[in-house]
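Computed from a predicted model, the values in this text were never measured in an experiment. Residue numbers begin at 1 in each chain, while the letters A, B, ... track the order of the sequences.
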Number of protein chains: 2
Amino acid sequence: MTDQSVTKAKRQRRPDDRPAEILAAALSVFAEKGFSQARMEDVAARAGLSKGALYLYFPDKVALLKALVQQAIGGQISLAAEMLAQLNGPVSPLVIHLAQILASRVQDTPFPYILKLVIAESQAHPEIGRFYLENVIRQAMPIIEALLARGIAAGEFREVNVPHAVKSLMGPFLLSALWRSVFEPLGAEAVDVRGLITQHVDIFLKGLRP
Amino acid sequence: MTDQSVTKAKRQRRPDDRPAEILAAALSVFAEKGFSQARMEDVAARAGLSKGALYLYFPDKVALLKALVQQAIGGQISLAAEMLAQLNGPVSPLVIHLAQILASRVQDTPFPYILKLVIAESQAHPEIGRFYLENVIRQAMPIIEALLARGIAAGEFREVNVPHAVKSLMGPFLLSALWRSVFEPLGAEAVDVRGLITQHVDIFLKGLRP
DNA sequence: ACCCCTAATGACTGACCAGTCAGTAACTAA
DNA sequence: TTAGTTACTGACTGGTCAGTCATTAGGGGT
């Protein structure tokens with residue numbers, strides 16, 4: 001009952017664990033209040049640190065946001081790229097599989113909140129937006145384009161403009177991500193991301209039949 | 001050459017024109033810097049006013065944003081509702097027509113910037129987000145749902161989950177709006193909104209065939 | 001010409017907060 | 001035990017900016 005972890009958490013030295021804890025705290029504070037409304041003291045308090053200690057680990061507030069975005073996207077794209085490039089055979093099952101993976105990213109990870117932060121802060125801090133553009137969008141789009149192009153070449157899909165088709169496919173992911181991070185907190189009814197995506201991919205693939 | 005409108009624009013009294021000018025100035029400043037980075041003095045300067053005068057027309061900064069959102073969406077939805085309800089016959093041409101109207105909103109109006117502002121500020125100012133949810137999303141969705149349901153009832157479309165289908169249809173609009181307002185300013189290649197939407201609707205309608 | 005009302009001004013205030021730094025506590029090695 | 005090292009603290013500073021208000025200028029009415 002006099003335990004420090006519950007009541008007051010007295011001063012501790014564990015430099016190895018701090019960065020991850022700070023990032024987790026930052027994500028939850030930023031998601032709750034938005035970047036510019038979030039105070040560094042809030043982040044510090046939630047991480048169980050003083051404000052000063054924050055600055056031992058991150059040079060400034062923007063660095064926190066950058067690290068958050070960087071951590072959230074990780075090396076996941078190059079991973080997916082390898083997976084999709086190596087599998088051959090019909091493309092449709094791959095599209096379905098890819099869509100399911102992305103749906104669970106939207107449903108079960110903080111990705112929607114990261115995305116909202118990127119959108120919100122991209123003109124105040126263009127480096128953030130540019131980082132996302134370079135490392136997520138410009139990585140992911142050619143992979144999906146290649147996938148659809150393969151389907152067209154194999155006669156599995158009819159001839160369409162491939163970059164446009166990629167956006168047709170991805171649009172509803174963006175919509176459900178923002179729905180979750182922006183409108184659900186305001187009281188909108190929850191989206192059934194998996195159901196939506198399953199049906200969307202079905203419509204999309206049928207719509208692409210020759 | 002000593003004209004006041006070009007060089008210095010001396011103090012003038014024209015209370016009737018001010019509100020619209022202030023809103024136009026606010027939109028351009030907010031779109032450029034984002035809401036929280038935008039200074040009231042910037043808005044005032046761009047509207048050709050002093051900061052103090054701004055407060056004669058709008059009680060505070062958030063009121064400016066609210067008025068902007070309100071003006072941008074106007075009564076356009078109820079208008080569209082009437083149009084779609086009165087026309088009968090096959091649904092597909094109506095979907096195509098509706099999509100073209102929305103595409104031009106994305107392409108030719110500041111709507112994408114308004115949307116970005118709503119997304120960015122909705123947790124700092126939930127009233128803004130809630131206003132958009134109530135007056136845009138919750139107005140527009142039932143209209144499109146009714147349209148698709150009519151198509152299903154008439155045997156024009158196969159049986160699908162209608163709310164999901166609406167999101168499949170609308171996703172790419174959201175994507176192109178945010179592409180224009182967020183990523184194009186960062187150097188991303190421009191989207192051909194009309195081309196994208198034309199093809200998207202084509203895929204969507206073919207994908208819904210019984 | 002002179003009021004007088006009201007639009008408009010801009011210097012000012014008060015609150016807020018990112019980032020700093022002199023000092024303190026925890027741990028370590030001798 | 002103690003001297004040295006490093007993690008951590010929190011009061012403080014400097015700058016920013018939304019919103020205010022005493023004052024000034026415009027211009028219609030008489």
Side-chain angles (χ1 to χ4, degrees), chain A residues 3-5 7-23 25-26 29-30 32-68 117 120-121 123-125 127-128, chain B residues 2-5 7-26 29-30 32-68 117 120-121 123-125 127-128:
Chain A
D3 190 323
Q4 76 288 357
S5 71
T7 53
K8 204 49 191 289
K10 67 156 86 87
R11 185 186 265 223
Q12 286 187 2
R13 293 160 60 97
R14 16 190 214 88
D16 294 346
D17 306 339
R18 294 302 196 195
E21 292 173 5
I22 292 171
L23 284 181
V29 176
F30 289 173
E32 202 171 281
K33 308 202 183 197
F35 180 74
S36 54
Q37 296 295 312
R39 283 154 59 251
M40 287 299 262
E41 287 206 34
D42 297 339
V43 176
R46 200 161 302 189
L49 253 76
S50 68
K51 186 162 79 151
L54 237 51
Y55 287 88
L56 299 173
Y57 296 97
F58 295 91
D60 57 30
K61 198 182 179 188
V62 179
L64 222 46
L65 180 54
K66 274 187 207 166
L68 219 47
L117 287 170
E121 297 306 319
Q123 78 248 92
H125 307 287
E127 339 129 50
I128 303 284
Chain B
T2 52
D3 191 321
Q4 75 291 358
S5 70
T7 53
K8 204 48 189 294
K10 66 156 87 89
R11 187 185 265 223
Q12 285 188 3
R13 295 159 60 97
R14 21 194 208 85
D16 295 346
D17 306 340
R18 296 298 197 198
E21 293 173 5
I22 292 171
L23 283 181
V29 175
F30 290 174
E32 202 172 281
K33 308 203 183 197
F35 181 74
S36 55
Q37 295 295 310
R39 283 151 60 249
M40 288 298 262
E41 287 206 34
D42 297 339
V43 176
R46 200 162 303 189
L49 253 76
S50 68
K51 185 163 76 152
L54 235 53
Y55 287 88
L56 299 173
Y57 296 97
F58 294 91
D60 57 29
K61 199 182 179 187
V62 179
L64 221 46
L65 181 53
K66 273 188 209 166
L68 218 47
L117 287 170
E121 298 305 320
Q123 77 250 92
H125 307 286
E127 339 129 51
I128 303 283

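Rounded to the nearest 0.5 Å, atoms CD (B/Glu41) and OG (B/Ser50) are 9.0 Å apart. Taken from CZ in A/Phe58 to CZ in A/Arg18, the straight-line distance is 12.5 Å, to the nearest 0.5 Å. A distance of 8.5 Å separates CD of A/Gln37 from CD of B/Gln123, quoted to the nearest 0.5 Å.
B/Leu64 approaches B/Ala26 most closely through the heavy-atom pair CG-CB, 3.9 Å. Closest of all the heavy-atom pairs between B/Met40 and B/Asp60 is CE-C, 4.3 Å. Heavy-atom minimum distance, B/Ala67 versus B/Leu23: CB-CD2, 3.8 Å.
As judged by a 4.0 angstrom heavy-atom cut-off over every strand, A/Phe58 is placed among residues making no nucleic acid contact.
Taking atom OH on B/Tyr57 and atom P on C/dA7, their separation rounds to 6 Å, with Å as the unit. Whole-Å rounding puts the B/Leu56 CG to C/dG10 P distance at 13 Å. When the P atom of D/dC21 is taken as reference, atom CG of B/Leu54 falls 17 Å away, rounded to whole Å. Going from atom CG of A/Leu49 over to atom P of C/dA25 covers 17 Å, rounded to whole Å. Taking atom CZ of A/Arg18 as the reference point, atom P of D/dT6 lies 18 Å away to the nearest angstrom. Rounded to whole Å, the distance from CG on A/Asp17 to C1' on D/dC8 is 15 Å.
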Dump every N/O contact between nucleotides 11-17 of chain D and the protein below 3.5 Å, one line per pair.
unit_1 : atom_1 : unit_2  : atom_2 : d
D/dC17 : OP2    : B/Arg39 : NE     : 3.2

Restricting both atoms to N or O, compile the protein contacts to nucleotides 13-15 of chain C shorter than 3.5 Å, with distance only.
none

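Between the B/Lys61 side chain and the B/Phe35 main chain, a donor and an acceptor come within less than 3.5 Å of each other.
A salt bridge is defined here as a Lys NZ or Arg NE, NH1 or NH2 lying under 4.0 Å from an Asp or Glu carboxylate O, and B/Glu121 with B/Lys66 fails to meet this definition.
With D/dA18, C/dT20, D/dT9 as the candidates, the nucleotide lying closest to the side chain of A/Ser50 is D/dT9.
Looking at which nucleotide of DNA chain C each of A/Ala53 and A/Phe35 is closest to, the 5′-most match is held by A/Phe35.
Taking the side chain as every heavy atom from C-beta outward, A/Val43 and A/Lys51 never approach each other to under 4.5 Å.
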